S.K.: 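One structure is given below, represented as structure tokens, and several questions about it will come after.
Note that the numbering runs from 1 along the sequence shown for the chain. Computed from a predicted model, the values in this text were never measured in an experiment.
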Amino acid sequence: MKYAQIPLGPLQTNCYLLAEEGGSCLIIDPGGEDGKLNQYMNEYKLKPIAVILTHAHFDHIGAVDAVRNKYDIPVYIHEKEASWLLDPALNGSQRFQYGEPIRLKPADGIIAGESAMQLGAFSFQVLETPGHSPGSISIFFKDAGIVVAGDALFSGSIGRTDLPGGNHEQLIKSIHDKLMVLPEETIVLPGHGPATTVGNEMDSNPFLNGF
């Protein structure tokens with residue numbers, strides 16, 4: 001499996017395209033600039049089969065409906081944030097005002113709890129990693145050695161917890177219990193900034209001292 005990191009939208013949120021041989025791909029967190037995203041997929045002849053959201057903050061969902069409508073593909077989100085897609089007050093687009101308030105169509109698939117999922121040729125594990133937001137998830141592709149961590153864990157940092165529903169202690173517990181137990185060579189693909197590894201964050205992340 002190959003992946004591409006494409007910063008999109010007002011906060012240059014990392015959108016990820018994960019592609020299998022043959023070109024089928026998953027889109028994770030299309031935050032905006034659907035034209036740029038479509039151009040990339042056309043250039044590399046990718047065929048999206050689904051959108052998965054690590055959480056529903058405005059900078060991660062801006063291009064969801066444009067992509068869903070263009071490719072006629074389902075959108076998946078954790079049940080705790082399903083209503084956020086429809087509500088600008090919850091998804092933050094009303095508060096931060098980087099553009100028009102975001103009101104999306106309901107998700108097509110609701111993720112309830114932790115589970116193994118299969119979408120087309122893609123097999124992965126959903127890990128509940130709340131703290132940055134109540135329904136934050138990380139998506140672990142065991143065979144590829146990749147975890148898409150959303151805004152839970154960054155290279156040298158962690159997600160902010162001062163937004164509605166955020167909880168610092170819960171986030172630290174999520175990182176410790178769900179991400180730091182993965183193999184140290186696991187590549188961590190964060191919602192912002194460069195990729196890192198579990199091992200690097202164990203050794204040098206100042207927010208995780210003692211883990």
Side-chain angles (χ1 to χ4, degrees), residues 4-19 23-42 46-122 124 126-130 132-139 148-152 159 163-166 189 191-192:
Q5 180 191 73
I6 308 173
L8 298 173
L11 300 184
Q12 291 294 276
T13 302
N14 290 331
C15 172
Y16 292 101
L17 301 177
L18 294 102
S24 68
C25 77
L26 297 177
I27 303 172
I28 300 179
D29 290 355
E33 298 181 275
D34 58 290
K36 180 178 177 180
L37 185 57
N38 292 335
Q39 182 178 2
Y40 187 97
M41 290 191 288
N42 288 337
L46 299 179
K47 306 163 194 170
I49 64 168
V51 172
I52 307 175
L53 301 173
T54 61
H55 63 295
H57 282 151
F58 73 97
D59 58 315
H60 290 251
I61 66 173
V64 164
D65 275 357
V67 170
R68 167 166 46 186
N69 293 340
K70 179 175 177 62
Y71 297 102
D72 191 24
I73 55 178
V75 173
Y76 293 84
I77 192 167
H78 192 277
E79 61 182 349
K80 289 186 178 178
E81 294 183 20
S83 63
W84 292 30
L85 300 180
L86 292 71
D87 190 336
L90 292 173
N91 64 45
S93 59
Q94 179 173 291
R95 173 181 180 181
F96 290 97
Q97 298 180 338
Y98 282 97
E100 293 295 318
I102 297 175
R103 295 180 176 87
L104 303 179
K105 295 186 297 185
D108 306 283
I110 302 299
I111 297 170
E114 295 191 332
S115 62
M117 289 185 64
Q118 180 86 32
L119 294 175
F122 298 90
F124 54 91
V126 173
L127 306 175
E128 291 182 307
T129 49
H132 174 66
S133 67
S136 286
I137 62 170
S138 296
I139 307 161
V148 183
D151 286 359
L163 299 174
L189 301 182
H192 302 270

S.K.: Would you say CG of Asp72 has more than 12 non-hydrogen atoms from neighbouring residues, nucleotides or ligands within 6.0 angstrom?
M.R.: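 For Asp72, atom CG is not crowded (no more than 12 foreign heavy atoms under 6.0 Å).
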S.K.: Looking at residues at least two apart in the chain, or sitting in another chain, which of them share a side-chain contact (heavy atoms from CB on, under 4.5 Å) with Lys47?
M.R.: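 Not a single residue meets the side-chain contact (heavy atoms from CB on, under 4.5 Å) criterion with Lys47.
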S.K.: Do you know which of Ile61, Ile27, Ile77, Leu26 makes side-chain contact (heavy atoms from CB on, under 4.5 Å) with Val51?
M.R.: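 Only match with Val51 under side-chain contact (heavy atoms from CB on, under 4.5 Å): Ile27.
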S.K.: What's the separation between atom CG in Asp151 and atom OG in Ser136, rounded to the nearest 0.5 Å?
M.R.: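 If we round to the nearest 0.5 Å, Asp151:CG and Ser136:OG are 7.0 Å apart.
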S.K.: So, does Asp29 use its side chain to make a donor-acceptor pair with the main chain of Thr54 at under 3.5 Å?
M.R.: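 Yes; judged by distance alone, with no hydrogens or angles, the pair exists.
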S.K.: Scan for salt bridge (Lys or Arg N to Asp or Glu O under 4.0 Å) pairs involving residues 76-93, sequence neighbours excluded, and state none if there are none.
M.R.: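 Listed by first then second residue: nothing to list.
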S.K.: Drop me the distance from Ser83's OG to Leu90's CG, to the nearest 0.5 angstrom.
M.R.: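 Answer rounded to 0.5 Å: 5.5 Å.
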S.K.: Excluding sequence neighbours, so at least two apart, what forms salt bridge (Lys or Arg N to Asp or Glu O under 4.0 Å) with Asp65?
M.R.: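 With sequence neighbours excluded, Asp65 shows a salt bridge (Lys or Arg N to Asp or Glu O under 4.0 Å) to Arg68, given in chain and number order.
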S.K.: Going by side-chain contact (heavy atoms from CB on, under 4.5 Å), name the residues that satisfy it together with Lys36, two or more places apart in sequence or in a different chain.
M.R.: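 side-chain contact (heavy atoms from CB on, under 4.5 Å) list for Lys36, sorted by chain: Ile6, Leu8, Glu33.
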S.K.: Which one of Leu18, Ile139, Val126, Val148 satisfies the side-chain contact (heavy atoms from CB on, under 4.5 Å) criterion with Ile52?
M.R.: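 Only one of Leu18, Ile139, Val126, Val148 forms a side-chain contact (heavy atoms from CB on, under 4.5 Å) with Ile52, namely Ile139.
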S.K.: Between CD1 of Ile49 and SG of Cys25, what distance do you get to the nearest 0.5 Å?
M.R.: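 That separation rounds to 8.0 Å.
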S.K.: Go through the steps for Asp34 and Lys70 under the test side-chain contact (heavy atoms from CB on, under 4.5 Å), then give the verdict.
M.R.: CA-CA 10 Å; Asp34 58 290; Lys70 179 175 177 62; over 6 Å; no
S.K.: Excluding sequence neighbours, so at least two apart, what forms side-chain contact (heavy atoms from CB on, under 4.5 Å) with Glu128?
M.R.: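 Result, side-chain contact (heavy atoms from CB on, under 4.5 Å) vs Glu128: His78, Glu114, Pro130, Lys178.
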S.K.: Roughly how far, to the nearest 0.5 Å, is the CG atom of Leu189 from the OG atom of Ser138?
M.R.: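 Output value for this atom pair is 10.5 Å.
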S.K.: Can you tell if the side chain of Asn14 reaches within under 4.5 Å of the side chain of Pro7, non-hydrogen atoms only?
M.R.: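 Yes, close enough: below the 4.5 Å cut-off.
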S.K.: With ring pair (Phe, Tyr, Trp, His ring centres under 6.0 Å) as the rule and sequence neighbours excluded, what pairs involving residues 52-73 come up?
M.R.: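 Ring pair (Phe, Tyr, Trp, His ring centres under 6.0 Å) check on residues 52-73 returns His55-His57, His55-His60, His55-His132, His57-Trp84, His57-His132, Phe58-Phe96, Phe58-Tyr98, His60-His192.
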S.K.: Can you find a heavy atom in the side chain of Leu53 that is under 4.5 Å from one in the side chain of Pro30?
M.R.: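 SC-SC contact between Leu53 and Pro30 confirmed.
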